[in-house]
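Just the heavy atoms: all of them, side chains too, but no hydrogens, waters or symmetry mates, feed the values below.
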Amino acid sequence: MIFQKMLSREWRITTIIVILGVALCVRLGIWQLDRLEQRKSFNSHVEAMWAATPVILPEEANKFQLDKMEYRAISATGEYDIDFQVALRNQYWKNQYGYHLITPLVIGEGVAVLVDRGWIPAEGNDDPIDWQKYQTDQDTVSVEGIIRLGQEEPDVGGRPDPTLVPGQNRLDFWNNVNLIRLANQIPYDLVGIYIQLDSVDGSDEPPIPVQPTLELTEGPHLGYAGQWFTFASILFFGYPFYIRKRETS
């Protein structure tokens, strides 16, 4: 009886809207459960990388699939080539705007890995020539940090890197560490990751290494999923009750 009433001319459009609403709420609940599983997988990956021994470059450059090991500790020895370093825009340190200095570290014949050496202030660093003051005194340096992956596309709401204009052969300021595009203006075979240097306690001399802050929690996804499934249940079971009440009043 109630099913027939739901399909009647009087209630048909409302029934379709309710069914679509139930389907949407269920889909959003499933999406939140998918997000939860992604978060759990990410947390497990990071914890495994933190527990692993450091990768050593150049000795182990071809031993691992480094692009599967983001956040794993890594060390490298080589020579910085400051002629091809670039700056990453929109970086902050203690609420001060600046850049991150990305410099090729030559670790072998024709082979280099990019190193995020850390934050430098925007003031006084608007020209790549200004960055030469951050050149190290040592010819050979050893660095320690974590493996990071490049980013071809910006985050949601972020800005992509501009394309080169005719006659321009390089970009000095970047919005993303796009390893594929950077490889086109750096005369080395780049390792398919970059190194983000470990933070140094009490360091306030640019470039200042900055590590990402990772919160290994499951987030609110399970609670959000429960809310969407609750809304679906209210619509699914409450709608027939509402019709019955209207018809008997």
Exercise for review: Calculate, to the nearest 0.5 Å, the distance between atoms CD1 and CZ belonging to Ile186 and Arg181 respectively.
Suggested key: 12.0 Å
Check your understanding: Should we count NZ of Lys133 as having more than 12 external heavy atoms under 6.0 Å?
Key -> yes
Review point. Is NZ or CZ of Arg72 both nearer than 6.0 Å to the six-membered ring centre of Phe64 and within 45° of the ring axis?
Key: yes
Review point. Tyr97 ring centre to Arg89 NZ or CZ under 6.0 Å, with the angle to the axis within 45°?
Key: no
Study note, to complete from the structure: Nearest heavy-atom contact between Gly21 and Leu235 is C-CD1, 3.8 Å
Review point. Are the ring centres of Trp131 and Phe173 closer than 6.0 Å?
Key: yes
Revision key, fill the gap. d(Asn43 CG, Glu215 CD) to nearest 0.5 Å is 10.5 Å
Check your understanding: Is there a donor-acceptor pair under 3.5 Å between the side chain of Asn176 and the backbone N or O of Asn178?
Key -> no
Practice item. Grab the two heavy atoms, one from Trp50 and one from Tyr71, that are nearest each other, plus how far apart they are. Key: CD1-O, 3.6 Å
Review point. Going from CG on Asp83 to CD on Gln135, what distance comes out if it is rounded to the nearest 0.5 angstrom?
Key: 8.5 Å
Check your understanding: Once you round to the nearest 0.5 Å, how far does CZ of Arg148 lie from CD of Gln211?
Key -> 8.0 Å
Check your understanding: CG of Asp127: more than 12 outside heavy atoms within 6.0 angstrom?
Key -> yes
Check your understanding: Should Leu190 and Leu57 be regarded as members of a common hydrophobic cluster, given that ILVMFWY residues are connected when their side-chain heavy atoms come within less than 4.5 Å of each other, either directly or indirectly?
Key -> no
Check your understanding: Pick one: which of Ile19, Ile13, Leu20 meets side chain to side chain contact (heavy atoms under 4.5 Å, CB included) with Ile16?
Key -> Leu20
Check your understanding: Linking I/L/V/M/F/W/Y whenever any side-chain heavy atoms sit under 4.5 Å apart, do Val113 and Ile147 land together?
Key -> yes
Review point. Hey, does Tyr188 have a side-chain heavy atom less than 4.5 Å from the side chain of Val111?
Key: no
Review point. Considering all heavy atoms of both residues, which atom of Arg170 and which atom of Phe84 are nearest to each other, and what is their separation?
Key: NH1-CA, 4.0 Å
Point to revise | side chain to side chain contact (heavy atoms under 4.5 Å, CB included) evaluation trace for Gln185 with Leu171 | key: CA-CA 8 Å; Gln185 68 179 50; Leu171 290 176; 4.1 Å; yes
Point to revise | The single option from Glu37, Gln32, Lys40, Gln38 passing side chain to side chain donor-acceptor pair (under 3.5 Å) against His221 | key: Gln32
Study note, to complete from the structure: To the nearest 0.5 Å, atom CG of Leu179 lies from atom CD1 of Ile102 at 9.5 Å
Exercise for review: Pick out which of Leu88, Asn125, Asp172 makes a side chain to side chain contact (heavy atoms under 4.5 Å, CB included) with Tyr99.
Suggested key: Asn125
Point to revise | Same apolar cluster (I L V M F W Y, side chains within < 4.5 Å links), Val26/Phe236 | key: yes
Point to revise | Check: Leu28 and Gln227 side chains under 4.5 Å, non-hydrogen atoms | key: no
Review point. Do Ser75 and Ile195 come close enough that some side-chain heavy atom pair is under 4.5 Å?
Key: no
Exercise for review: Check whether any side-chain heavy atom of Val143 sits under 4.5 Å from a side-chain heavy atom of Ile74, and report yes or no.
Suggested key: no
Practice item. May I ask you to decide if Phe229's main-chain N or O and Ser233's side chain share a donor-acceptor pair within less than 3.5 Å? Key: yes
Revision key, fill the gap. Separation between CG (Leu114) and CD (Gln196), nearest 0.5 Å, reads 12.5 Å
Practice item. Check whether any side-chain heavy atom of Leu66 sits under 4.5 Å from a side-chain heavy atom of Val55, and report yes or no. Key: yes
Check your understanding: Ignoring hydrogens and geometry, is there a side-chain-to-backbone donor-acceptor pair from His100 to Val210 under 3.5 Å?
Key -> no
Revision key, fill the gap. What one should report as the nearest heavy-atom pair of Pro121 and Pro206 is CD-CG, 3.9 Å
Review point. Do you know which two heavy atoms are closest between Val200 and Pro209, and how far apart they sit?
Key: CG2-CG, 4.3 Å
Practice item. Please step through side chain to side chain contact (heavy atoms under 4.5 Å, CB included) for the pair Asn90 and Asn175, ending with a clear verdict. Key: CA-CA 7 Å; Asn90 301 319; Asn175 297 322; 4.2 Å; yes
Exercise for review: Would you sort out whether Gln85 and Asp81 count as a side chain to side chain contact (heavy atoms under 4.5 Å, CB included), showing the intermediate values?
Suggested key: CA-CA 7 Å; Gln85 59 190 351; Asp81 189 340; over 6 Å; no
Practice item. Look at the side-chain heavy atoms of Ile, Leu, Val, Met, Phe, Trp and Tyr, link any pair under 4.5 Å apart, and say whether Leu33 and Trp228 land in one connected group. Key: no
Review point. Val86 and Leu182: side chain to side chain contact (heavy atoms under 4.5 Å, CB included), yes or no, with the steps?
Key: CA-CA 9 Å; Val86 298; Leu182 280 164; 4.0 Å; yes
Review point. Mind checking whether Ile193 and Leu149 have side chains closer than 4.5 Å, heavy atoms only?
Key: yes
Check your understanding: Minimum heavy-atom separation for Ala232 to Cys25, with atom names?
Key -> CB-CB, 3.7 Å
Check your understanding: Can you list the steps and then say if Thr103 with Tyr134 is a side-chain hydrogen bond (donor to acceptor under 3.5 Å, both in side chains)?
Key -> CA-CA 11 Å; Thr103 308; Tyr134 303 118; over 6 Å; no
Review point. Between the main-chain N or O of Asp161 and the side-chain N or O of Trp174, is there a donor-acceptor pair closer than 3.5 Å?
Key: no
Exercise for review: State yes or no: do Val191 and Val115 share one hydrophobic cluster built from I, L, V, M, F, W and Y residues joined by side-chain heavy-atom distances below 4.5 Å, directly or via other members?
Suggested key: yes
Practice item. Taking Gln65 for its side chain and Asp67 for its backbone only, find out whether a donor-acceptor pair lies under 3.5 Å. Key: no
**Study point:** Residue pair Thr140 / Thr77, side-chain heavy-atom distance below 4.5 Å
**Key:** yes
Check your understanding: Is the shortest heavy-atom distance from the side chain of Glu218 to the side chain of Leu36 under 4.5 Å?
Key -> yes
